[in-house]
Amino acid sequence: MLRVEDLHVSVDGTSIIKGLTLTINRGEIHVIMGRNGAGKSTLANVVMGHPAYEITSGEIHFQGRPLDELAVFERARAGMFLSFQYPAVIPGVQVGTFLKKSVASVRDDPPKGRAFRKELNEAMSKLEMDKSFLSRYVNDGFSGGEKKRLEILQMLLLKPSLALLDETDSGLDIDALRIVSKGINEIAPEAGCLIITHYQRLLDHVKPHYVHAMIDGAIVKTGGPELALELEERGYDWLDAAA
Amino acid sequence: MSEEAFEAVGDYKYGFHDPENHTIRFDKGLSEQVVRDISELKNEPQWMTDIRVKAYRHFEERAMPDWGNCNLLESINFENVTYFLRSSNQTEKNWDDVPDDIKNTFDRLGIPDAEQKWLGGVTAQYESEAVYHSIREDLEEQGVIFLDMDTGLKTHPELVKKFFGTVVPHSDNKFSALNTAVWSGGSFIYVPKGISVEMPVQAYFRINAKNMGQFERTLIIADEGSTIHYVEGCTAPSYSTDSLHSAVVELVAMEGAKIRYSTVQNWSNNVYNLVTKRAVAHKNATVEWVDGNIGSKLTMKYPSVLLKGEGAHAEVISVAYAGEGQHQDAGAKVHHLAPNTTSNILSKSISKNGGRSSYRGMLQVMPKASGCRSKVVCDALILDETSRSDTYPTMEIGNSSADLEHEASVSKVSSEQLFYLMSRGFTEEAAMGLIVNGFFEPFTRELPMEYAVELNKLLELEMEGSIG
Ligand SMILES: Nc1ncnc2c1ncn2[C@@H]1O[C@H](COP(=O)(O)OP(=O)(O)OP(=O)(O)O)[C@@H](O)[C@H]1O
Ligand SMILES: [Mg+2]
């Protein structure tokens, strides 16, 4: 589904990702952990096509196609989804309008009218979100946790085949963490998931197949769920030698 | 109407024109004789002729405004304007009686349809005069007067004489003088005491002929405790030569009355739009200007409110969109003349493709006006490097008890907003359209739903095919 090969990325001439290789197949949940500034968000942004980052070498393939052919919106339409670490505020645009338009532009056979509202209601009640969110402006004045919930709501509605979740668990209270995990588990069987996190507590709810440790722009160790525990206990220093 | 005439010009979908049929057309150019001829043709009382002539003389002597866009103002050739054009001999009450070409045009603009669905009355002005006019019977029975201004003068001369020019005197500025000299058409409204007109009434102004000058004159009087919502729209064909639209609007809100005046100005980009709009608000009255400027080559318009009675309130919400070759010089003026009066001004502008938007505002608190409150917010959004936005706020505060707030911001669309939206499947154009609609939302939500939908579509269209 997603194949990243010996990827090198720089921004404004500074190299950030330095030879990263990663393959994600359908139905797999991958977790990336790493220090602040290691390049985790950069990886997610580059895969989604953020224009600020330059791929200096290496390749990214999605569903067998080289990604550089696809504009950002085409990647979304092809089934990629990024849950942002810091979702943007869009003043004056109501969540309801935004979701409807987004679903209409991403899904091949988007539900309309009543069918859309039904799907929306179901997804919102799954995430225990109040209807009043729909008339608020996108991320405007949202608390950290509310923003993350809105990201997951979008994910449920857009039904991606590849979900990149950048610190979606950060800033969530215990209940919200459980609820958001439910959302991830719902799409996971049919999709590839890349979860960026600092905390192993998410993994009480979501069972990853692979955990990767990222140091200075490269994956230096890959293991199973036990690696997450180890990283949380020991930190990253012991891996520096491998980088 | 021929196929060809239906062809829209460029992105501006109202740019089509009809054949120029007319029953009376004055030669281009302005003189005292032209002014007298208009008055005579309309069979006006002598006092109106006298006002016109006096205003004409003032216009002749009066200098151009030395603000706004002086270069463009100086380039107006008053001799190349048609000052009066009658395209239909009657103002009809039934759309079927309106000449075909004209009726087709208004059909295309969606006016008869809107009338059936959500309006309490409609005036459709084509060139110099109203070609169609109607008001719902129940309103008429309640004593509400809604007429085109020419008919208003004929049937209610005392009322017109009492208020005409009292809010905007002919000597206010060069263009109010011009309008007073050659005015034709516009609306005349009187709402009796205590009557609430629930459905908005609408006026639609259409220019069709080349080099046309449209000078409508509107007077709305809301008597004690009454309410009215007036909506106006305007469009014109796209021509390579200029047209001139110079209106005067006077509102009088008596004690406890409420007037809301909503405008979506969408003139083609060859129209000079130089309009004076002012209201007087008496004790505890409310006046709301909801003013959108999307089209025109140059707009200079600053809806204003004189808060004359204690406890009166003014609300001015305006948006301006300046695209290629456009200058929107718009804003608001509020004069707190009485104690405990309040005002809110919200102005939003978008500049794109070299367009220029300016906010020009005046907030005045007179020495005797104690306990006043006012909030002014100006937000500008600049979409590219070639576009421009300026703010010219003026404050004259004569009473230290005034509670004033002023906020101004200039912003750009951030790449993070665009990336976020594009990651949700929006093309760059669609993302821009959404951001721009969101930016105008505080304005759009005040409009009747039909207008809001239309405006959003319009802005989305403006964002298309222009990003590269
Ligand atoms: N657009 C940018 N411009 C300049 N520097 C950038 C940009 N994006 C990322 N960087 C830099 O690249 C490095 C990696 O950033 P990135 O956001 O990928 O880290 P991260 O691993 O997600 O960290 P965190 O855990 O704090 O979210 C940082 O030093 C950051 O400052
Ligand atoms: Mg990050």
Side-chain angles (χ1 to χ4, degrees), chain A residues 41 44-53 70-95 97-108 110 135-140 147 150-151 153-155 157-160 162-164 166, chain B residues 292 317-319 321 346-350 377-383 407 409-447 449 452-453 455-457 459-461 463-464 467-468:
Chain A
S41 295
N45 282 327
V46 164
V47 171
M48 200 67 219
H50 196 298
Y53 301 93
L70 296 186
V72 180
F73 73 91
E74 291 169 324
R75 294 178 198 210
R77 291 174 187 182
M80 295 172 61
F81 178 84
L82 170 59
S83 168
F84 284 70
Q85 184 176 0
Y86 305 111
V89 176
I90 316 289
V93 176
Q94 290 187 337
V95 169
T97 313
F98 165 69
L99 292 175
K100 197 162 134 197
K101 290 193 172 203
S102 176
V103 166
S105 29
V106 167
R107 288 190 27 200
D108 293 334
S135 53
R136 291 180 66 182
Y137 303 143
V138 177
N139 292 318
D140 200 357
K147 285 184 186 172
L150 180 58
E151 294 293 286
L153 176 64
Q154 294 176 55
M155 184 179 75
L157 293 171
L158 296 178
K159 302 189 188 302
L162 175 71
L164 311 163
D166 191 356
Chain B
I317 305 175
S318 67
V319 299
Y321 170 84
L346 173 64
S347 155
K348 298 200 147 233
S349 71
I350 294 175
V377 178
C378 299
D379 296 327
L381 185 65
I382 303 180
L383 297 190
E407 290 168 25
S409 77
V410 180
S411 53
K412 293 182 177 169
V413 174
S414 79
S415 57
E416 296 311 315
Q417 287 175 317
L418 282 177
F419 179 57
Y420 186 74
L421 292 175
M422 289 191 284
S423 80
R424 300 308 187 239
F426 295 89
T427 62
E428 188 167 356
E429 282 95 343
M432 275 288 192
L434 203 60
I435 291 169
V436 160
N437 281 342
F439 182 74
F440 275 175
E441 202 273 348
F443 169 82
T444 319
R445 72 163 170 241
E446 298 299 331
L447 295 176
M449 211 246 290
V453 169
L455 185 74
N456 280 345
K457 275 199 231 138
L459 289 168
E460 278 163 18
L461 205 69
M463 293 304 121
E464 265 172 30
I467 292 159

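All values derive from a computational prediction rather than experimental measurement. Proteins come first, then strands; the chains are lettered A, B, ... in the order of their sequence lines, and each starts at number 1.
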* Is A/Lys100 atom NZ crowded by more than 12 heavy atoms from other residues, nucleotides or ligands, each under 6.0 Å away? -> no
* Structure fact -> Separation between OH (B/Tyr420) and CE (A/Met48), nearest 0.5 Å, reads 11.5 Å
* Asked: For residues B/Glu416 and A/Tyr86, is any side-chain donor paired with an opposing acceptor at under 3.5 Å?
  -> no
* To do: Please name the pair of heavy atoms, one in B/Ser423 and one in A/Ala76, separated by the smallest distance, quoted to 0.1 Å.
  => O-CB, 3.3 Å
* Using ring-ring contact (aromatic ring centres under 6.0 Å, His included) as the criterion, list what pairs up with A/Phe81, not counting sequence neighbours. => none
* Side-chain contact test, heavy atoms from C-beta onward, threshold under 4.5 Å: evaluate it for A/Pro91 versus B/Gln417 and give yes or no. => yes
* To do: To the nearest 0.5 angstrom, please state how far the CG atom of A/Leu157 sits from the CZ atom of B/Arg424.
  => 11.0 Å
* Output all residues satisfying side-chain contact (heavy atoms from CB on, under 4.5 Å) with B/Thr427, sequence neighbours left out; order by chain, then residue number. => A/Phe73, A/Arg77, B/Glu429, B/Ala430
* Asked: Which answer fits A/Leu158, side chain, backbone, both or neither, if we ask what part of it has an atom under 4.5 Å from a heavy atom of chain B?
  -> side chain
* Contacting moiety of A/Pro87, where chain B heavy atoms sit under 4.5 Å -> both
* **Under 4.5 Å from a heavy atom of chain A, the part of B/Leu418 involved** => neither
* Is it the backbone or the side chain of A/Val89 that comes under 4.5 Å from a heavy atom of chain B, or both, or neither? -> backbone
* Asked: Looking at A/Asn45, A/Val72, A/Val93, which makes the most heavy-atom pairs under 4.5 Å with chain B?
  -> A/Val72
* To do: Name the region of B/Phe439, side chain, backbone, both or neither, that has any atom closer than 4.5 Å to a heavy atom of chain A.
  => backbone
* Ring geometry between A/Phe84 and B/Phe419 (parallel below 30°, tilted from 30 to 60°, perpendicular above 60°) -> perpendicular
* Asked: Between B/Thr444, B/Asn437, B/Leu421, B/Ile435, which residue shows the highest count of heavy-atom pairs closer than 4.5 Å to chain A?
  -> B/Leu421
